[in-house]
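Hydrogens, waters and symmetry mates are skipped; everything else that's a heavy atom, side chains included, is used. The first residue of the sequence shown is numbered 1, and numbering continues consecutively from there. Every value quoted in this text rests on a predicted model; they were computed, and no experiment measured them.
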Amino acid sequence: MTMRVIVDKELCIGAGQCVVTAPEVFDQDDDGIVELLTDSPAEGDRDAVKEAEHVCPARVISVED
């Protein structure tokens with residue numbers, strides 16, 4: 001099953017929990033705002049991406065299965 005990740009950079013507060021949780025999928029720019037490294041992560045990253053969606057305090061990550 002293919003997963004698609006969407007982030008709303010305009011609402012990101014730069015907490016960085018996504019990067020800590022799924023560094024293969026998320027990074028931060030110089031201002032701390034989320035950068036999506038891939039919008040279709042590998043199946044092995046599914047649990048980490050779902051956790052990143054859950055722990056994001058600004059709720060800017062959405063995952064479509």
Handout entry: Partners passing side-chain contact (heavy atoms from CB on, under 4.5 Å) against Val19 (at least two apart in sequence or in another chain)
Key = Phe26, Gln28
Exercise for the section: Please test Leu37 against Val25 for side chain to side chain contact (heavy atoms under 4.5 Å, CB included), starting from the C-alpha separation and ending with a verdict. Expected result: CA-CA 5 Å; Leu37 301 176; Val25 180; 5.6 Å; no
Problem - Val20: partners by side-chain contact (heavy atoms from CB on, under 4.5 Å), with sequence neighbours left out - result: none
Practice task
Answer whether the closest heavy-atom distance between the side chains of Met3 and Pro41 falls below 4.5 Å.
Solution key: yes
Practice task
Mind checking side-chain contact (heavy atoms from CB on, under 4.5 Å) for Glu64 and listing every partner two or more places apart, or none if nothing turns up?
Solution key: Arg4, Ile6
Problem - Minimal non-hydrogen separation, Cys12 against Val60, with atom names - result: N-CG1, 3.6 Å
Please table the atom pairs, donor to acceptor, closer than 3.5 Å between any side-chain atom in residues 29-36 and protein atoms at least two apart or in another chain.
| from | atom 1 | to | atom 2 | distance (Å) |
| --- | --- | --- | --- | --- |
| Asp29 | OD1 | Asp31 | N | 2.8 |
| Asp29 | OD1 | Gly32 | N | 3.0 |
| Asp29 | OD1 | Ile33 | N | 2.9 |
| Glu35 | OE2 | Lys9 | NZ | 2.9 |

Problem - Residue pair Ala52 / Cys18: nearest heavy atoms and the distance that separates them - result: CB-CA, 4.0 Å
Problem - Residue pairs passing the salt bridge (charged side-chain N to carboxylate O under 4.0 Å, His left out) test where at least one lies in residues 48-59, sequence neighbours excluded - result: Lys50-Glu53, Lys50-Asp65
Practice task
Answer with yes or no whether the hydrophobic clustering places Leu11 together with Val63; edges join I, L, V, M, F, W, Y residues whose side-chain heavy atoms lie under 4.5 Å apart.
Solution key: yes
Exercise for the section: Please list, chain by chain and in numerical order, all residues satisfying side-chain contact (heavy atoms from CB on, under 4.5 Å) with Ala42, sequence neighbours excluded. Expected result: Asp45
